[in-house]
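Structure record follows, encoded as structure tokens.
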Amino acid sequence: MRTERLVPLALPRGQKLHCELCLGPATLRCGGCGVTYYCDVEHQNADWVSVHEKICQLLIPLRTALPFYNSEKERKHGQEQKICREKFLAEVTRTAAQNFLFEGKHEDAIPAALHSLKFSISVYGSNSVELVPAYLILAEASLGLGHLAQGEEYLSQAHWIVLKSSYCSSAVQSNLHRNLGLLHAAKGNFEDALYHLANDVYFASCAYGTNDVAVSGGHFHMANIFVHQNVLDVANSLYSEVVEIWLRHLGHLIDIHFQAFMNPAELDVLSDEEEPLKETLDEKQRAEATQMLNAILDFRERSPRPQPAKLAKVLHALAMLHYLTQDMSKAHELVTKVQQITQQLPKYTPDESFYHLIKLMKSKPIYAK
């Protein structure tokens with residue numbers, strides 16, 4: 001692991017500096033920027049891997065003494081520049097933390113999210129709704145690591161800010177209620193968990209529409225709770241709703257690829273803004289689709305009451321997902337399974353996106369990845 005050189009601190013008596021991550025007494029300084037301090041090498045390494053490598057030099061103008069300004073106009077301009085830098089760094093560090101969550105790297109997400117929170121507090125104040133996304137990332141990472149008490153503390157901060165705010169977007173409230181639902185589920189408070197997850201579905205529907213993939217997460221986590229309670233009929237119904245949402249979304253993307261494949265000449269006359277293949281899965285959607293659809297496939301395959309038509313649908317959705325992520329071998333395997341099932345179900349016919357998928361796969365080598 002490459003890290004910047006650490007410099008031991010020799011501070012004048014009475015002067016105290018604090019660790020970037022834990023706020024404990026600092027004994028080391030980053031040799032790259034010279035303005036970031038740590039209590040030990042472990043915290044320095046954690047910060048470097050998470051985000052410090054990306055922002056090391058960007059911290060220097062923020063953490064060094066401001067120059068002497070000759071006029072109020074210069075002073076105001078300097079303050080505006082500082083705020084712009086902090087807003088930029090709040091966004092960069094939040095994005096880095098979010099990307100680690102998508103990859104399931106909860107521990108690596110925490111330092112970047114802490115940076116985002118600190119920059120956001122500096123710009124917006126300690127009670128602004130702008131802080132909620134950073135608190136939610138910290139909560140999700142803590143829950144992912146099994147640190148329920150810490151996750152609950154972050155969620156309490158986020159929830160309190162939302163309650164005091166005159167306006168908070170439906171998207172943020174959806175994310176808040178999902179994390180509250182997952183917290184209560186982890187603590188075994190299933191009634192409270194279902195309440196918050198139902199709110200997640202409501203706010204996600206308000207923000208994105210009832211058929212958007214953002215709504216599927218609430219349904220999925222509710223279904224998991226009903227499986228835990230052995231209420232399998234309700235779980236089965238909710239899982240089916242999740243699959244239908246992803247079938248529509250993935251099928252739409254497959255249709256876009258199919259139209260581009262069938263009409264390649266049209267691409268030459270389209271402007272950059274209208275390029276159809278620009279619409280695809282983002283990292284968050286890939287991670288969520290993989291988690292949800294594989295879990296539902298496992299549920300379907302282990303069910304004591306086989307439902308081949310529903311099994312075919314989740315296999316169809318996964319085949320499209322693997323095609324879109326360029327895993328052709330897996331996509332071929334799943335398409336073959338769908339075909340085997342449909343041969344035994346004369347009344348079941350996959351939608352058109354399935355046949356578009358088959359034609360697209362025939363145009364690409366099976367080993368493409």
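Note that the numbering runs from 1 along the sequence shown for the chain. Model, not experiment: these values are computed from the prediction.
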Review point. What distance do Asn127 atom CG and Ile121 atom CD1 have between them, rounded to the nearest 0.5 Å?
Key: 9.5 Å
Review point. Passes side chain to side chain contact (heavy atoms under 4.5 Å, CB included), Asn236 versus Phe226? Steps please.
Key: CA-CA 9 Å; Asn236 186 34; Phe226 284 116; over 6 Å; no
Revision key, fill the gap. For Ile245 and Val213, the nearest pair of non-hydrogen atoms, with its separation, is CG2-CA, 3.7 Å
Check your understanding: Per the side-chain contact (heavy atoms from CB on, under 4.5 Å) rule, which among Leu183, Leu138, Leu182 passes with Leu155?
Key -> Leu183
Practice item. Would you please classify the geometry between the Tyr239 ring and the Phe220 ring as parallel, tilted or perpendicular, with 30° and 60° separating the classes? Key: tilted
Check your understanding: Is it the case that more than 12 heavy atoms not belonging to Glu103 sit under 6.0 Å from its CD atom?
Key -> yes
Exercise for review: Return yes if a side-chain donor-acceptor contact under 3.5 Å exists between Asn294 and Asp298, otherwise no.
Suggested key: no
Exercise for review: Output yes when a side-chain donor or acceptor of Thr93 lies under 3.5 Å from a complementary backbone atom of Ser116, and no otherwise.
Suggested key: yes
Review point. Does a side chain donor of either Ser353 or Asp351 reach within less than 3.5 Å of an acceptor in the other side chain?
Key: yes
**Study point:** Step-by-step side chain to side chain contact (heavy atoms under 4.5 Å, CB included) determination, Met320 to Leu247
**Key:** CA-CA 9 Å; Met320 292 190 290; Leu247 272 174; 3.7 Å; yes
Review point. Salt bridge or not for Glu288 and Arg178, using N-O below 4.0 Å?
Key: yes
Exercise for review: Measure from the side-chain N and O atoms of Ser174 to the backbone N and O of Ser170, and report whether any donor-acceptor pair falls under 3.5 Å.
Suggested key: no
Practice item. Measure from the side-chain N and O atoms of Ser156 to the backbone N and O of Glu152, and report whether any donor-acceptor pair falls under 3.5 Å. Key: yes
Point to revise | side chain to side chain contact (heavy atoms under 4.5 Å, CB included) assessment of His106 paired with Leu101 | key: CA-CA 6 Å; His106 300 101; Leu101 285 187; 3.7 Å; yes
Study note, to complete from the structure: Looking only at heavy atoms, the pair that brings Ala109 and Ala141 closest together is CB-CB, 4.3 Å
Exercise for review: Before accepting this row, confirm whether a basic side-chain N of the pair Lys118/Glu20 lies closer than 4.0 Å to the acidic partner's carboxylate O.
Suggested key: yes
Point to revise | Test: Arg94 and Glu91 ion pair at under 4.0 Å | key: yes
**Study point:** Expected output: side-chain His322 to main-chain Ala331 donor-acceptor under 3.5 Å
**Key:** no
Review point. Between Phe354 and Pro350, what is the shortest heavy-atom contact and its length?
Key: CB-CB, 3.6 Å
Exercise for review: Carefully, step by step, assess Leu281 and Leu250 under the rule side chain to side chain contact (heavy atoms under 4.5 Å, CB included).
Suggested key: CA-CA 9 Å; Leu281 289 172; Leu250 296 169; 4.0 Å; yes
Check your understanding: Do the ring planes of Phe190 and His228 sit parallel (below 30°), tilted (30 to 60°) or perpendicular (above 60°)?
Key -> tilted
Check your understanding: What is the minimum heavy-atom distance between Val227 and Leu232, and which atoms define it?
Key -> CA-CD2, 4.2 Å
Practice item. Considering non-hydrogen atoms only, spot the tightest contact between Ser216 and Trp246 and give its length. Key: OG-NE1, 3.2 Å
Review point. Do you know the tightest heavy-atom contact between Arg29 and Gly34?
Key: CD-O, 3.2 Å
Review point. Can you say whether the rings of His184 and His196 are parallel (under 30°), tilted (30 to 60°) or perpendicular (over 60°)?
Key: parallel
Practice item. Could you list the residues that satisfy salt bridge (charged side-chain N to carboxylate O under 4.0 Å, His left out) with Asp233, not counting sequence neighbours? Key: Arg305
Check your understanding: Does the side chain of Leu131 come within less than 4.5 Å of Leu117's, by heavy atoms?
Key -> yes
**Study point:** Lys/Arg-Asp/Glu bridge criterion (N-O < 4.0 Å) met for Glu72, Lys76
**Key:** no
